[in-house]
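A short write-up of the structure that comes next.
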Amino acid sequence: MTRGGARLPGTPDEERADPIVLHVDMDCFYAACERRREPKLRGEPVVVGMGYEDGETHGAVATASYEAREFGVESAQAISTALERLPRKVESDDPDSDLDPDEAGHYRPVDMDYYQSVSAEVKEILHDSADVVREVSVDEAYLDVTDRTAWEVAEGFARHVKNRIDREVGVTASVGVAPNMSAAKIASDHDKPDGLVVVEPGEVREFLAPLDVAELHGVGPVTARELRESGIETAADLAAADRADLEARFGERGAEMHRRARGEDDREVTPRGRPKSLSRESAFTEPTDDAEETRERIRTLAAAVADRARGKDAMYRTIGIKAVTPPYDVNTRAKSLPGPVDDPGLVEEVALDLFAEFDDARVRKVGVRVSNLSFADAEQASLGDGWGGADLPDSGDRGESGETPDSPASLSDFGDDGSDGPGDSADSPESSDPTDTADPSDASGSESDPEGQSSLADF
Ligand code: TTP
Ligand code: MG
């Protein structure tokens with residue numbers, strides 16, 4: 001891309017029409033994380049997914065390293081297909097073992113806890129690099145760096161961010177720089193892996209022109225096919241099409257596609273406030289040791305929490321309970337699953353299971369919480385169950401899940417509404433309508449951004 005120098009230092013505010021937006025997307029993220037802790041995997045085909053162990057029959061690929069993609073392995077593919085295209089390497093300590101054909105790959109299970117910890121390290125660098133960071137998912141974020149750099153040096157700025165991620169975290173990112181979010185996203189994807197593409201103001205339309213319509217934000221595979229049928233194959237074709245015509249065919253979305261194809265996108269990068277956990281709790285008029293009564297209450301709370309999570313398109317990976325025992329001891333327990341789920345039955349099952357410990361106790365108040373949230377927008381959810389949960393075995397098979405009792409938690413740790421502190425419970429009416437609480441977010445969770453996805457085909 002050529003250098004435009006669109007904004008001169010000292011230009012008055014009202015003329016600062018060109019924000020500098022970075023879109024950062026990690027390369028084959030889960031596989032990169034596996035390589036970070038197992039360096040022998042570098043340069044090798046690596047597949048991260050579920051269901052490849054002997055005896056397992058189904059599961060899906062979460063991601064594949066670029067070497068594995070050469071064999072036709074890709075995200076969301078059935079693991080059986082992946083294994084056909086790229087057999088599993090026999091992992092042997094014997095250096096002379098030549099059981100391994102060259103055409104074999106390393107398969108690893110999904111370890112979200114680890115990927116989230118790597119993600120947190122990356123996000124720290126991003127927050128250090130920009131005042132405004134919109135975290136979109138575990139491996140993706142937008143940064144508004146308008147106040148931190150200038151177009152003349154934006155490429156160097158972006159390279160610096162990229163190098164820091166590489167050096168300090170040990171994973172690679174692809175970065176796109178553009179005057180708006182959708183162009184930045186397309187730019188980050190344009191030269192993957194290890195890409196850095198800068199699209200300066202005034203060049204956006206030209207940059208987009210040759211791209212297939214399917215690469216544009218908001219154009220899913222079905223729409224792309226429809227467009228192609230009417231001779232609209234590239235962004236240039238779409239940009240040149242008649243807006244009213246597109247609107248007539250696709251509604252407001254048609255107008256939106258048209259704008260995006262012309263490089264117009266005036267969304268501001270805004271940080272995203274998402275809850276870190278969702279919880280509901282309920283006090284008894286008098287402390288009770290009636291296990292059936294408390295279990296019934298837990299069931300109601302579990303259903304309410306699961307319902308609320310579903311309403312927010314949130315999947316959860318940790319399910320927890322709270323039992324407040326007299327005088328005012330707050331006990332919390334939680335269990336983490338191998339991956340995010342949207343599964344009301346499981347919330348109830350795990351909550352009751354965790355609560356068994358308090359069956360004989362007198363309790364004043366009980367609560368159910370889901371945390372470790374990840375968000376999918378409604379369209380993604382309707383395309384499948386979201387990517388995290390689809391790979392999980394049936395709920396009955398989750399015995400391998402680690403059980404992680406929370407450390408004795410402060411009230412606020414539970415996303416509490418603050419009403420059960422010492423002294424106030426005498427006034428607490430028995431609420432069969434459970435209290436509804438949500439933790440405000442530090443936006444560190446994983447999240448899928450409907451606005452940020454370039455197309456539904458992404459997931
Ligand atoms: P992506 O950024 O879409 O993919 P990626 O980082 O693996 O590869 P790329 O270099 O093309 O960016 O998704 C980020 C992570 O999300 C990915 O590493 C694994 C997970 N994921 C799934 O579990 N299932 C899926 O279908 C997709 C697309 C991603
Ligand atoms: Mg990625």
Side-chain angles (χ1 to χ4, degrees), residues 22-37 41 45-52 59-70 72-79 81-82 105 107-120 122-123 126 135-142 162 165-166 169 171-176 184-197 215 217 220-221 315 317 337-342 374-377 379-381 383-392 445-450 452-459:
L22 257 61
H23 180 255
V24 178
D25 189 301
M26 311 307 299
D27 300 324
C28 56
F29 185 56
Y30 296 2
C33 292
E34 293 298 340
R35 282 177 166 161
R36 179 175 103 146
R37 63 177 167 188
L41 299 181
V46 178
V47 179
V48 179
M50 303 294 228
Y52 58 82
V61 174
T63 197
S65 71
Y66 281 78
E67 293 79 359
R69 293 180 198 190
E70 300 272 304
V73 179
E74 54 188 46
S75 290
Q77 190 168 61
I79 207 85
T81 308
Y107 282 70
R108 294 290 179 272
V110 174
D111 179 355
M112 275 315 292
D113 277 339
Y114 183 61
Y115 310 150
Q116 239 137 18
S117 73
V118 177
S119 173
V122 174
K123 302 278 164 80
L126 301 184
E135 299 184 13
V136 176
S137 75
V138 72
D139 95 321
E140 186 186 343
Y142 293 90
K162 207 169 127 55
I165 295 171
D166 206 345
V169 190
V171 288
T172 52
S174 288
V175 179
K185 174 154 174 108
I186 293 171
S188 75
D189 202 41
H190 198 66
D191 193 24
K192 255 182 179 295
D194 203 17
L196 172 54
V197 173
E215 290 184 54
H217 170 88
M315 299 207 288
R317 218 160 61 72
L337 308 166
V341 295
D342 163 11
S374 43
F375 293 87
D377 70 281
E379 288 175 301
Q380 285 170 3
L383 285 179
D385 219 353
W387 44 265
D391 306 335
L392 288 170
S446 133
E447 174 185 344
S448 289
D449 181 358
Q453 301 294 342
S454 63
S455 77
L456 290 179
D458 282 353
F459 279 80

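What you see below is based on every heavy atom in this structure, not just the backbone, and it leaves out hydrogens, waters and symmetry mates. Note that ligands are numbered from 1 as they come in the structure, with each ligand's atoms numbered from 1 the same way. Given the structure is predicted, the values throughout are model-derived calculations rather than measurements.
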Worksheet item: Looking just at side-chain N and O atoms, do Tyr142 and Glu135 make a donor-acceptor pair shorter than 3.5 Å?
Response: no
Fill in: Over all atoms of both residues, closest heavy-atom pair of Arg69 and Ala64
NE-O, 2.8 Å
Worksheet item: For ligand 1, which atoms, with element, lie under 4.0 Å from some heavy atom of Thr63?
Response: 5 (P), 7 (O), 17 (C), 18 (O), 19 (C)
Fill in: Where ligand 1 meets Ala76 - atom numbers and elements under 4.0 angstrom, heavy-atom basis
26 (O)
Worksheet item: Can you tell me if Ser119 uses its side chain to pair, donor with acceptor, with the backbone of Val138 under 3.5 Å?
Response: yes
Response to the item:
Taking only non-hydrogen atoms of Ser75 and a 4.0 Å limit, the atoms of ligand 1 in range are 25 (C), 26 (O), 27 (C), 28 (C)
Worksheet item: Does ligand 1 have an atom that lies less than 4.0 angstrom from a heavy atom of Tyr66?
Response: yes
Discussion item. Ser174 vs Asp27, test: side-chain hydrogen bond (donor to acceptor under 3.5 Å, both in side chains). Steps then yes/no.
Written reply: CA-CA 6 Å; Ser174 288; Asp27 300 324; 2.7 Å; yes
Fill in: Any Val175 side-chain heavy atom under 4.5 Å of His23 side chain
no
Item to complete: With atom 1 (P) of ligand 1 as the reference point, say which of Val110, Asp139, Asp27 has the nearest heavy atom.
Response: Asp139
Item to complete: Kindly indicate, with the supporting measurements, whether the criterion salt bridge (charged side-chain N to carboxylate O under 4.0 Å, His left out) is fulfilled by Lys123 and Asp139.
Response: CA-CA 9 Å; Lys123 302 278 164 80; Asp139 95 321; over 6 Å; no
Worksheet entry | Gln77 side chain vs Gly72 backbone, donor-acceptor pair below 3.5 Å | yes
Discussion item. I'd like to know whether ligand 1 has Met26 as a neighbour, heavy-atom separation below 4.0 Å.
Written reply: yes
Worksheet item: Can you tell me if Arg69 has a non-hydrogen atom under 4.0 Å from ligand 1?
Response: yes
Worksheet item: Quick one: which ligand 1 atoms are inside 4.0 Å of a heavy atom on Phe29?
Response: 5 (P), 6 (O), 7 (O), 18 (O)
Discussion item. With carbon and hydrogen excluded and only N/O/S kept, which atom of Asp25 is nearest the Mg ion (ligand 2)?
Written reply: OD1
Worksheet item: Looking at ligand 1, does any of its N/O atoms fall within less than 3.5 Å of an N/O of Val138?
Response: no
Practice prompt. Mark up the atoms of ligand 1 that fall under 4.0 Å of a heavy atom belonging to Asp25, in ascending order.
Written response: 2 (O), 12 (O)
Item to complete: Work out the angle at the Mg ion (ligand 2) between OD2 of Asp139 and O of Met26, rounded to 10°.
Response: 90°
Worksheet item: Can you check whether Cys28 has an N/O within less than 3.5 Å of an N/O in ligand 1?
Response: yes
Worksheet item: Is a side-chain donor-acceptor pair under 3.5 Å present for Arg108 with Tyr52?
Response: no
Discussion item. Determine whether Tyr30 and Met112 satisfy the following criterion, side-chain contact (heavy atoms from CB on, under 4.5 Å), listing intermediate values before the conclusion.
Written reply: CA-CA 8 Å; Tyr30 296 2; Met112 275 315 292; 3.3 Å; yes
